[in-house]
Amino acid sequence: ELDLALCDRPPLVLAAHNNNVQVVRELLAAKAVVDAPLPRGHSALSFAIHHSSEDAVGLLLKSSPQLDPLALMHFSNVASSACACWALPTAFDAAILHATQLDILEIVKYPTDRSIPVIPEIELPGHSLAALASYPLLGCRNGPYEVSTTWGVFSDVYCAGKESTFQFLEDVLTEVMQLFPSHYIHIGGDEVRKDRWKTCPFCQKRITDLGLKNEESLQSYFIKRIDTFMNAHGREIIGWDEIMEGGLPSNAIVQSWRGEEGAIEAAKLRHESIMSNNVWLYFDQYQGDKKREPVAYGNLPLQKVENEVPVPVERSPDQNKYIRGVEACVWTEYIPNVKHAEYMMMPRMLAMAEVAWSPLKTKDYKNFLQRIPRQLQYLDSKDVHYRIPEPQGLQSDTTSKDEVMVKLQSYVPGTKMYYTLDGSDPTTHSTLYKEPIRVDLKTKPAMRLNVIQVTPSGNTSLVYSADFRRDK
């Protein structure tokens, strides 16, 4: 039986955001996450903010005054209507979403005052196209480079053979450390293509001079050099699990996002790791009917989060202690405002905290649902725009009977429910639920029950449906 040693040692419970500074500022200002009613009275322990990528730098730095306005522009499709069918777009709309240093101080202050560190992520050596657009000499082919307007992983990365690259990054990280008091700094390290390094004379000379085996070893050299610099300044690095390729820095924490393998391997090497499986801890995934939910990808309903196990099964008994905790990521390319962000996080964040803090022997989804009304009631009183779970009793059914009686109950106390049986979407002018609904299948053998919920704060759910059919 797996038993979480995490309960005896507080895990990191992080919320990671991308470049949408306005969302992050409003989210922390709203205090929805910092003060969230997590199980056992614990709050989230850390926040991570992703500041640089292919499509934006997202942070104004005095050490990098040449950052082009285009590099400071985040290209993101911010379509957010919740009642339309969205296909995941590949092209982005532009919006200036970079953070000034005053923005950072404002963002960091509230959680830091409550002993909750805000951890910045500065991507290197990959996901650096936006920076290369302004500083082309830091790349292997000297540019010109253009900020990406589409999703993807690109071949142009920081040149590992030029000293100017490391001087630039050390200047950037020095300024980042001045802005963020967190002991940990995330340096990315993921999805680094090595096409340019293989043909770059500077990179090849570095490999030869240092006696490195290949480009994977060059990446390890790159990460280890940054790790040494950060350690000299009293900080420790976190990196995605790709930082293990070619050799892991001595003090680095591994964030395992491509399944459990990274955490398992890190534990074998006696390195701490953070579980951030992109299957069950990426909260920018769909939560329900894709035809009605806001634009997203994948599928991550509440039950899937609560049912997961954060500690890998394939480990020796003493390796559990190296699992530092879990992180849920909320990438905000398609999340234009704080209400949308809250909707994507809550109540999945409550389920994530349950998984992180509770021993496996006490974890039970039905029991979780029995306890969640109190938490949702609190969120509602704080005007948090959480996703209202589907009401109890709303389940499709095939029957031999001529009628079905449907008894509904909302998980949010005091919620009103409105429904239709004619196929239309209900509104607050539709029939108010007061007693079990009679679904007549005698004259029409297939019926759809559509329901919306309106909480005491006015938070209105999407339309939830159940289909009923009579066997002939």
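When every heavy atom of Arg258 is checked against every heavy atom of Glu261, the shortest pair comes out as O-OE1, 3.1 Å. For Met417 against Gln453, the heavy-atom pair with the smallest separation is CG-CG, 3.8 Å. In terms of heavy-atom proximity, Tyr365 sits nearest to Leu302 at OH-CD2, 3.9 Å. Here the closest heavy-atom approach between residue Tyr158 and residue Glu123 is recorded as CE1-O, 3.9 Å. For the pair Gly189 and Gln219, the tightest heavy-atom approach, listed with the atom from each and the gap, is O-NE2, 3.4 Å. A pairwise comparison of heavy atoms in Leu408 and Leu394 identifies CD2-N, 3.7 Å as the closest pair.
Of the inter-residue distances, the one linking Asp241 atom CG with Glu265 atom CD reads 11.0 Å to the nearest 0.5 angstrom. Between Met177 atom CE and Glu175 atom CD the span is 10.5 Å, to the nearest 0.5 Å. Note: Ile452 CD1 to Tyr464 OH = 11.0 Å, rounded to the nearest 0.5 Å. We find the NE2-CE distance between His385 and Met344 to be 11.0 Å, quoted to the nearest 0.5 Å. Between Met275 atom CE and Glu308 atom CD the span is 9.5 Å, to the nearest 0.5 Å. Going from atom CD of Gln375 over to atom CZ of Phe368 covers 8.0 Å, rounded to the nearest 0.5 Å.
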Checking side-chain contact (heavy atoms from CB on, under 4.5 Å) for the pair Asp397/Val406: CA distance, chi angles, key distance, verdict?
CA-CA 10 Å; Asp397 188 22; Val406 182; over 6 Å; no

Could you walk me through whether Ile243 and Ile187 pass the side-chain contact (heavy atoms from CB on, under 4.5 Å) check?
CA-CA 10 Å; Ile243 68 172; Ile187 52 83; 4.3 Å; yes

Carefully, step by step, assess Tyr221 and Arg225 under the rule side chain to side chain donor-acceptor pair (under 3.5 Å).
CA-CA 6 Å; Tyr221 162 79; Arg225 182 164 171 175; 2.7 Å; yes

When you look at Asp380 and Ser457, which way does the side chain to side chain donor-acceptor pair (under 3.5 Å) test go after all the steps?
CA-CA 6 Å; Asp380 205 63; Ser457 73; 2.8 Å; yes

Intermediate values then yes/no, side-chain contact (heavy atoms from CB on, under 4.5 Å), Asp289 and Leu462
CA-CA 9 Å; Asp289 187 349; Leu462 300 182; over 6 Å; no

Does Arg387 form a side-chain contact (heavy atoms from CB on, under 4.5 Å) with Glu293? I'd like the steps, not just the answer.
CA-CA 10 Å; Arg387 183 184 188 273; Glu293 295 281 347; 2.9 Å; yes

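Between the side chain of Arg348 and the backbone N or O of Ala328 there is no donor-acceptor pair closer than 3.5 Å. No donor-acceptor distance shorter than 3.5 angstrom exists from the side chain of Glu216 to the backbone of Lys194, with no hydrogens or angles considered. Of the possible polar contacts, one joining the Asn459 side chain to the Tyr386 backbone as a donor-acceptor pair under 3.5 Å is found. Of the possible polar contacts, none joining the Arg448 side chain to the Ser465 backbone as a donor-acceptor pair under 3.5 Å is found. Side-chain atoms of Asn231 come within 3.5 Å of backbone N or O of Arg235 as a donor-acceptor pair. With hydrogens and angles disregarded, no donor-acceptor distance shorter than 3.5 Å links the side chain of Ser182 to the backbone of Pro117. At distances below 3.5 Å, not a single donor-acceptor pair connects side-chain atoms of Glu306 with backbone N or O atoms of Lys363. Listed for the Ser220 side chain is a donor-acceptor partner under 3.5 Å among the backbone atoms of Gly247. Distance alone, capped at 3.5 Å, places no donor-acceptor pair between the Ser148 side chain and the Glu146 backbone.
Looking at Met349 and Met346, their side chains come closer than 4.5 Å, going by heavy atoms from C-beta outward. Counting heavy atoms from C-beta on, the side chains of Leu124 and Val192 never come closer than 4.5 Å. No side-chain heavy atom of Trp280 sits less than 4.5 Å from a side-chain heavy atom of Asn307. Looking only at side-chain heavy atoms (C-beta outward), Cys329 and Trp257 stay at 4.5 Å or farther from each other. Within the 4.5 Å cutoff, side-chain heavy atoms of Leu179 are placed close to those of Gln101. Under the 4.5 Å side-chain criterion, counting only non-hydrogen atoms from C-beta, Leu138 is not in contact with Cys159. With contacts defined as side-chain heavy-atom distances shorter than 4.5 Å, the pair Phe154/Leu132 does not qualify. A heavy-atom distance below 4.5 Å is found between the side chains of Gln287 and Tyr343.
The number of heavy atoms from other shown groups lying within 6.0 Å of NZ (Lys416) does not exceed 12.
Using a 4.0 Å cut-off between charged nitrogen and carboxylate oxygen, Lys339 and Glu342 count as a salt-bridge pair.
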